[in-house]
Amino acid sequence: MTAPVVTVPQPLDMTAPVLTSPQTMQFILPKTIKSLDEAPEPTNPAISLRSVPAKVIAVCSFTGGYDEGVFRTKLDELFAVLQRESFVTDRSGPRSVPQTGLPWSFAQYNPPFTIPFLRRNEVWIELSESSATDVTCEQRLQNLLADASHR
(Lines give C-alpha, C1' and ligand atoms only; values in the text may rest on other atoms or scores of the structure.)
Protein backbone atom coordinates (compact mmCIF):
# COMPACT_ATOMS: atom_id res chain seq x y z
CA MET A 1 0.00 0.00 0.00
CA THR A 2 1.24 3.48 -0.79
CA ALA A 3 0.99 6.46 1.47
CA PRO A 4 -1.57 9.09 0.52
CA VAL A 5 -0.24 12.21 -1.13
CA VAL A 6 -0.99 15.18 1.06
CA THR A 7 -0.90 18.58 -0.57
CA VAL A 8 -0.45 21.49 1.75
CA PRO A 9 -0.70 25.02 0.38
CA GLN A 10 2.75 26.57 0.24
CA PRO A 11 2.67 30.25 1.15
CA LEU A 12 4.79 32.63 -0.89
CA ASP A 13 5.94 36.04 0.20
CA MET A 14 4.48 38.82 -1.90
CA THR A 15 6.86 39.76 -4.67
CA ALA A 16 7.15 42.95 -6.64
CA PRO A 17 6.13 44.17 -9.04
CA VAL A 18 2.52 43.19 -9.52
CA LEU A 19 1.76 43.74 -13.21
CA THR A 20 -1.68 44.59 -14.52
CA SER A 21 -2.84 45.03 -18.08
CA PRO A 22 -6.32 44.96 -19.61
CA GLN A 23 -6.29 41.16 -19.86
CA THR A 24 -4.15 39.93 -16.97
CA MET A 25 -2.69 40.36 -13.53
CA GLN A 26 0.78 38.90 -13.10
CA PHE A 27 2.76 38.10 -9.99
CA ILE A 28 6.50 37.56 -10.28
CA LEU A 29 7.77 34.47 -8.49
CA PRO A 30 10.71 34.92 -6.09
CA LYS A 31 14.26 34.43 -7.37
CA THR A 32 14.56 31.29 -5.24
CA ILE A 33 12.18 29.54 -7.64
CA LYS A 34 14.34 28.79 -10.68
CA SER A 35 11.79 26.95 -12.87
CA LEU A 36 8.08 26.23 -13.17
CA ASP A 37 8.77 22.73 -11.84
CA GLU A 38 9.89 24.27 -8.52
CA ALA A 39 6.86 26.55 -8.24
CA PRO A 40 3.96 25.53 -6.01
CA GLU A 41 0.78 24.54 -7.80
CA PRO A 42 -1.93 27.22 -7.60
CA THR A 43 -4.89 26.17 -5.47
CA ASN A 44 -7.28 28.19 -7.65
CA PRO A 45 -7.94 26.59 -11.07
CA ALA A 46 -8.37 30.06 -12.64
CA ILE A 47 -4.69 30.79 -11.92
CA SER A 48 -2.01 29.46 -14.23
CA LEU A 49 1.76 29.55 -14.20
CA ARG A 50 3.80 30.36 -17.26
CA SER A 51 7.35 31.17 -18.08
CA VAL A 52 7.84 34.58 -19.68
CA PRO A 53 10.87 35.01 -21.92
CA ALA A 54 13.22 37.95 -21.44
CA LYS A 55 12.14 41.10 -23.25
CA VAL A 56 13.14 44.71 -23.62
CA ILE A 57 10.75 47.23 -22.14
CA ALA A 58 10.61 51.00 -21.86
CA VAL A 59 9.69 52.21 -18.37
CA CYS A 60 8.36 55.41 -16.80
CA SER A 61 8.54 55.49 -12.97
CA PHE A 62 6.43 57.69 -10.71
CA THR A 63 4.97 57.83 -7.21
CA GLY A 64 1.41 57.93 -5.91
CA GLY A 65 -1.57 55.76 -5.18
CA TYR A 66 -3.39 53.73 -7.79
CA ASP A 67 -5.16 56.11 -10.15
CA GLU A 68 -5.97 54.75 -13.60
CA GLY A 69 -6.08 58.27 -15.05
CA VAL A 70 -2.51 58.96 -13.87
CA PHE A 71 -1.33 55.57 -15.15
CA ARG A 72 -2.88 56.26 -18.58
CA THR A 73 -1.32 59.74 -18.70
CA LYS A 74 2.12 58.31 -17.87
CA LEU A 75 1.60 55.59 -20.48
CA ASP A 76 0.82 58.21 -23.13
CA GLU A 77 3.82 60.32 -22.07
CA LEU A 78 6.16 57.33 -22.35
CA PHE A 79 4.71 56.43 -25.74
CA ALA A 80 5.24 60.01 -26.97
CA VAL A 81 8.94 59.82 -25.95
CA LEU A 82 9.32 56.47 -27.73
CA GLN A 83 7.78 57.92 -30.88
CA ARG A 84 9.89 61.09 -30.72
CA GLU A 85 13.09 59.06 -30.26
CA SER A 86 12.10 56.58 -33.03
CA PHE A 87 11.92 53.54 -30.76
CA VAL A 88 8.36 53.16 -32.04
CA THR A 89 7.65 53.92 -35.67
CA ASP A 90 3.97 54.53 -36.14
CA ARG A 91 3.33 56.58 -39.26
CA SER A 92 -0.43 56.83 -38.76
CA GLY A 93 -0.12 59.86 -36.50
CA PRO A 94 -0.64 60.31 -32.78
CA ARG A 95 -2.46 57.41 -31.18
CA SER A 96 -2.69 55.99 -27.70
CA VAL A 97 -0.68 52.90 -26.79
CA PRO A 98 -3.70 50.55 -26.64
CA GLN A 99 -4.59 51.52 -30.23
CA THR A 100 -1.14 50.43 -31.46
CA GLY A 101 -1.37 46.88 -30.18
CA LEU A 102 1.95 47.23 -28.33
CA PRO A 103 2.03 45.15 -25.14
CA TRP A 104 1.94 47.36 -22.03
CA SER A 105 1.48 46.95 -18.28
CA PHE A 106 1.14 48.91 -15.07
CA ALA A 107 3.66 47.83 -12.40
CA GLN A 108 3.05 48.42 -8.71
CA TYR A 109 5.79 47.69 -6.17
CA ASN A 110 4.24 48.42 -2.78
CA PRO A 111 1.47 47.03 -0.59
CA PRO A 112 -1.81 48.96 -0.60
CA PHE A 113 -1.22 50.36 2.89
CA THR A 114 1.96 52.22 1.82
CA ILE A 115 1.61 56.00 2.02
CA PRO A 116 0.94 57.14 -1.59
CA PHE A 117 3.91 59.50 -1.95
CA LEU A 118 6.22 56.60 -0.95
CA ARG A 119 4.78 54.17 -3.51
CA ARG A 120 6.75 53.18 -6.58
CA ASN A 121 4.77 52.66 -9.77
CA GLU A 122 5.78 52.16 -13.38
CA VAL A 123 4.22 51.92 -16.79
CA TRP A 124 5.89 49.44 -19.12
CA ILE A 125 5.77 49.31 -22.92
CA GLU A 126 7.32 46.28 -24.58
CA LEU A 127 9.64 47.22 -27.43
CA SER A 128 9.71 45.18 -30.61
CA GLU A 129 12.64 42.92 -31.40
CA SER A 130 13.76 45.24 -34.21
CA SER A 131 13.85 48.41 -32.10
CA ALA A 132 15.35 46.60 -29.11
CA THR A 133 18.19 45.05 -31.11
CA ASP A 134 18.90 48.11 -33.23
CA VAL A 135 22.66 48.82 -33.30
CA THR A 136 22.07 52.41 -32.25
CA CYS A 137 19.57 51.51 -29.53
CA GLU A 138 22.15 51.60 -26.73
CA GLN A 139 23.54 54.94 -27.90
CA ARG A 140 20.07 56.49 -28.14
CA LEU A 141 19.26 55.28 -24.62
CA GLN A 142 22.50 56.76 -23.29
CA ASN A 143 21.66 60.09 -24.96
CA LEU A 144 18.18 60.09 -23.44
CA LEU A 145 19.60 59.39 -19.98
CA ALA A 146 22.20 62.13 -20.37
CA ASP A 147 19.51 64.62 -21.47
CA ALA A 148 17.28 63.65 -18.53
CA SER A 149 20.11 64.08 -16.01
CA HIS A 150 20.76 67.65 -17.25
CA ARG A 151 17.18 68.78 -16.60
Side-chain angles (χ1 to χ4, degrees), residues 10-36 39-151:
Q10 179 183 347
L12 287 176
D13 289 335
M14 196 64 188
T15 59
V18 173
L19 302 173
T20 55
S21 67
Q23 300 84 17
T24 62
M25 178 178 280
Q26 299 177 43
F27 298 90
I28 311 299
L29 292 175
K31 289 180 182 180
T32 55
I33 298 176
K34 304 291 185 204
S35 71
L36 287 180
E41 280 294 318
T43 56
N44 183 331
I47 297 173
S48 62
L49 297 177
R50 66 184 173 100
S51 180
V52 177
K55 53 184 132 184
V56 176
I57 57 172
V59 175
C60 175
S61 299
F62 57 99
T63 61
Y66 180 81
D67 180 321
E68 189 164 348
V70 172
F71 275 74
R72 297 277 178 174
T73 298
K74 296 295 183 184
L75 187 63
D76 290 341
E77 289 173 3
L78 178 58
F79 184 62
V81 170
L82 293 174
Q83 282 185 307
R84 184 183 73 228
E85 299 298 327
S86 300
F87 283 96
V88 175
T89 53
D90 184 358
R91 309 227 186 285
S92 62
R95 297 192 301 168
S96 68
V97 177
Q99 291 173 323
T100 66
L102 289 170
W104 57 275
S105 297
F106 299 142
Q108 296 174 280
Y109 287 83
N110 305 98
F113 52 81
T114 303
I115 299 169
F117 72 87
L118 295 176
R119 289 185 185 175
R120 176 180 168 202
N121 304 304
E122 296 175 342
V123 290
W124 294 7
I125 299 176
E126 186 175 332
L127 298 177
S128 69
E129 290 279 332
S130 60
S131 65
T133 57
D134 185 336
V135 177
T136 61
C137 179
E138 184 176 346
Q139 183 60 47
R140 289 188 292 158
L141 287 171
Q142 288 175 354
N143 292 342
L144 278 174
L145 291 172
D147 289 346
S149 67
H150 291 4
R151 289 182 194 169

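Because the structure is predicted, anything quoted here is derived from the model rather than measured.
In terms of heavy atoms, Ile33 sits closest to Pro40 at CD1-CD, 4.0 Å. Residues Leu102 and Glu126 approach most closely at CD2-O, 4.0 Å, considering heavy atoms. Between Leu75 and Trp124 the shortest heavy-atom distance is CD1-O, 4.3 Å. Heavy-atom minimum distance, Ala39 versus Leu29: CB-CD1, 3.8 Å. Between Met25 and Thr20, the closest heavy-atom pair is CE-CG2, 3.6 Å. Pairing each heavy atom of Gly64 with each of Asn121, the nearest pair is O-ND2, 2.7 Å.
A 4.5 Å side-chain heavy-atom check between Phe71 and Tyr66 finds at least one atom pair inside the cut-off. Looking at heavy atoms from C-beta onward, Thr73 lies out of side-chain contact with Asp76 at the 4.5 angstrom threshold. Here the side chains of Val70 and Phe62 are in contact, with some heavy-atom distance below 4.5 Å. In this structure, Ile28 and Leu19 have side chains that are in contact, with non-hydrogen atoms separated by less than 4.5 Å.
Note: Leu82 CG to Glu77 CD = 12.0 Å, rounded to the nearest 0.5 Å. Atom CZ of Phe79 is separated from atom CZ of Arg72 by 13.5 Å, given to the nearest 0.5 angstrom.
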Under 3.5 Å donor-acceptor pairs involving side-chain atoms of residues 105-112, not counting sequence neighbours:
| from | atom 1 | to | atom 2 | distance (Å) |
| --- | --- | --- | --- | --- |
| Tyr109 | OH | Glu122 | OE1 | 2.8 |
| Asn110 | OD1 | Arg120 | N | 2.6 |

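Residues forming a side chain to side chain contact (heavy atoms under 4.5 Å, CB included) with Ser51 (at least two apart in sequence, or on another chain): Leu36.
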(request) Please report the C-alpha distance between Arg119 and Thr63 in whole Å, then the side-chain angles of each, then the deciding distance to 0.1 Å, and finally whether the side-chain contact (heavy atoms from CB on, under 4.5 Å) criterion is met. (result) CA-CA 5 Å; Arg119 289 185 185 175; Thr63 61; 5.6 Å; no
